[in-house]
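Data block below; observations after.
The figures here come from the full heavy-atom set of this structure, side chains too, leaving out hydrogens, waters and symmetry mates. Residue numbers start from 1 in every chain, and the chains themselves are labelled A, B, ... in the order their sequence lines are given, proteins ahead of strands. Keep in mind it's a predicted model, so treat the numbers as computed, not measured.
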Amino acid sequence: MTAPAPPGAARTRPKARRQGWAGPLMALPAVAGLALFVALPFAMAIGLSLFNVRLDSFRPPDFFALEQYRRILVSPDFSGDFYRALGNNVLFAAVIVPVQTAAALALALLLNRPLRGMPVFRTFFFMPVVFPMALIATVWRLILDPGPDGMLNSVLGLATFGLFSPQDWLGDAATAMPSIMLLSLWQGVGFQMVILLAGLQGIPRQLYEAAEVDGAGRWQRFRAVTLPGLRNTLVFVALVTMILSFRLFDQVYILTRGGPDGATSTVMYLAVTTAFAESNVSRAAAMTVVLFVVVLGLTLLQRRLVTQEREIS
Amino acid sequence: MTALADRPAAPTRARTPRRAPVRRLHPRVRRGLDYLLMGTVTLLFASPILYMFIGSLKPDDQVLDGLAGFVPRHLSLDNYADVFARFDDPSTGYFLDFLGTSVIVTGVVVLGGLVVNSLAAYSLARLRWRGRDAVLVLVLALAVLPFEAIAVPLFYLLNDFRNTLAVQSVPLVANAFSVFLFYSFFLKLPKEIEEAGRMDGAGPLRIFVQIIVPMSKPVFATVAILSFLTQWGMFLWPVLMVNDPAVRPLPLAISVYQGQPPFAWGDIMAFGVMMVLPMLVVFLVFQRWFVRSVATTGLKG
């Protein structure tokens, strides 16, 4: 051991030094990018929200402390719009999370049966996921067209033998948000379905066999084996969907511009219009900070719920 | 919506108790019902896409025509030619510019991201250096930041670089979530992996390229697919940074096109088909990989 040490040591020492530099060097490009384009803007979001920076003004910004937050959260001039937008995000989540998760579970259960051609069906159910939202919104503009020739109107007209009168789906405050939900569900459900399907396939066969031996019916097996086996996956899927609901933007921007009368405005939509159309970067930054706090809270909640389950099992 | 949620589940659950004793008698009927159900659901998912494809081949005034929109009549490729004709001047932009922008931006973000993020993840997972743990904590913390939370200050920060290809790609190359995916994969590789290379006197970079990368194809595919999906559809960032048609990516271009009257729906659908066709081909070829990527990221949480 000691005999070959001198030449060995001679060779390892420079190598160790090289590795000492290689580590930070290999990490550098990504870390620099993240520092410059993620960490710095995030720090700036907090910084900007404490001033009154405007894009269209050359005046040096004043320090505003928490004034921007007071405006969006308390002041009657601005908080109305903000709460409307936040409320729409909450409404979107409150409907989309249970409905889309249930639909995804139903689809995953359908696909998890021994039937020929399942890969083909799965491909179709999943396909909308790969479509850019801007394209989906464009196609759905035709489906939701207010005229009697709009696809949804004509299908409903046909199904009710002409009793159904055409709706202005995106132009009516009562139906605009449900319409946005419908196309979002159509696009997003395949994503959840695939995750749930992977979860279903991870449940050991023996558990089902044991339950069957015990005389459990299909419904009982679903409640006693499938649901507990999927618990973590379901929690994950539901929380990811909830986080995504707070980021809602593309379809709203393309289809309704937050209207009619704020019925489909969301925090992100409001932040972009505030920064962009009103040039008020600071108020927009304050909104995105609030958005981040909500998303972070949900992420931590998910971590907690999932780890708790791990500890129990 | 609710119909979609209930329809697939209800028959399966309701049918079993009643059907159990009869099952032996009607395997064919049962299978027929299964296929009918699957076919109906498939139709629900495929019809908007089918509608787009058929619409792209029809005269503009026959696209928005109720259910008849699905009936293929007077088909021609005129709409595709119209898209190129309409986008043939600097004020409206050129279709090939939109496509080129999307290809370049997506290419830089996906390929650059694979290199940069995997290198960082390897360094953080397998090499020892001073300050590594602090950097690791920082990078992993950034992975929970949604892009939306930094879009506004980033827009403010990079305002001078608007309407460039660089601003659409460079800031998005380094991605904390991609680093996280690579990191968790590299961490699980056995400790002895690098030994052979180290014995031969190979440095960390060479070990990474010659030993680690070849055995990490699944995670590279996963990250490539996920960043491709995100980037090809990226909308928020171009909305903020781009108003010059010369560097408009496809999603922004179609949103501008469908928002400006007069509406030539056939042309707009043709635009849509051309926008999604490259992606659809990639998806159908690597279908298994797409599904697996989404599923594995989901499971890892």
Problem set entry | chain A contact via Phe228(B) - side chain, backbone, both or neither, heavy atoms under 4.5 Å |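 Neither part.
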For this session: Go through the atoms of Ile268(B) and report whether side chain, backbone, both or neither lie under 4.5 Å from a heavy atom of chain A.
Result: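 Interface part for Ile268(B): side chain.
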For this session: Decide side chain to side chain contact (heavy atoms under 4.5 Å, CB included) for Ile150(B) and Met44(A); before the verdict, give the C-alpha distance in whole Å, the side-chain angles of both, and the deciding distance to 0.1 Å.
Result: CA-CA 8 Å; Ile150(B) 56 163; Met44(A) 278 176 69; over 6 Å; no
Problem set entry | side chain to side chain contact (heavy atoms under 4.5 Å, CB included) between Met127(A) and Phe290(B), intermediate numbers included | CA-CA 10 Å; Met127(A) 205 187 278; Phe290(B) 267 79; over 6 Å; no
Exercise. Does Gln258(B) offer a backbone N or O that forms a donor-acceptor pair with the side chain of Arg141(A) under 3.5 Å?
Worked result: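 Yes, because the side chain of Arg141(A) sits within donor-acceptor range (under 3.5 Å) of the backbone of Gln258(B).
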Exercise. Is there a donor-acceptor pair under 3.5 Å between the side chain of Tyr156(B) and the backbone N or O of Pro41(A)?
Worked result: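 No; judged by distance alone, with no hydrogens or angles, the pair does not exist.
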For this session: Give a yes or no on whether the ring-centroid distance for Phe235(B) and Tyr253(A) is below 6.0 angstrom.
Result: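 Centroid distance Phe235(B)-Tyr253(A): below 6.0 Å, so yes.
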Problem set entry | Max heavy-atom pair count under 4.5 Å with chain B, selected residue of Val130(A), Thr101(A), Thr299(A) |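 Sorted descending by pairs with chain B, the first entry is Val130(A).
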For this session: Pick whichever of Gly33(A), Ala27(A), Ala35(A) has the most heavy-atom pairs under 4.5 Å with chain B.
Result: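 Highest number of heavy-atom pairs under 4.5 Å: Ala27(A).
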Exercise. Non-hydrogen atoms of chain B under 4.5 Å away: do they reach the side chain of Leu291(A), the backbone, both or neither?
Worked result: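 Interface part for Leu291(A): side chain.
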Problem set entry | Which atoms of Leu158(A) approach chain B - backbone, side chain, both or neither, heavy atom under 4.5 Å |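 For Leu158(A), side-chain heavy atoms alone lie under 4.5 Å from chain B.
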Problem set entry | Spacing of CZ belonging to Arg247(A) relative to CD belonging to Glu148(B), to within rounding of 0.5 Å |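 Arg247(A) atom CZ to Glu148(B) atom CD measures 4.0 Å (nearest 0.5 Å).
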Problem set entry | Pick from Val282(B), Val173(B), Leu240(B) with the largest number of heavy-atom pairs that fall under 4.5 Å of chain A |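 Greatest number of close heavy-atom pairs with chain A: Leu240(B).
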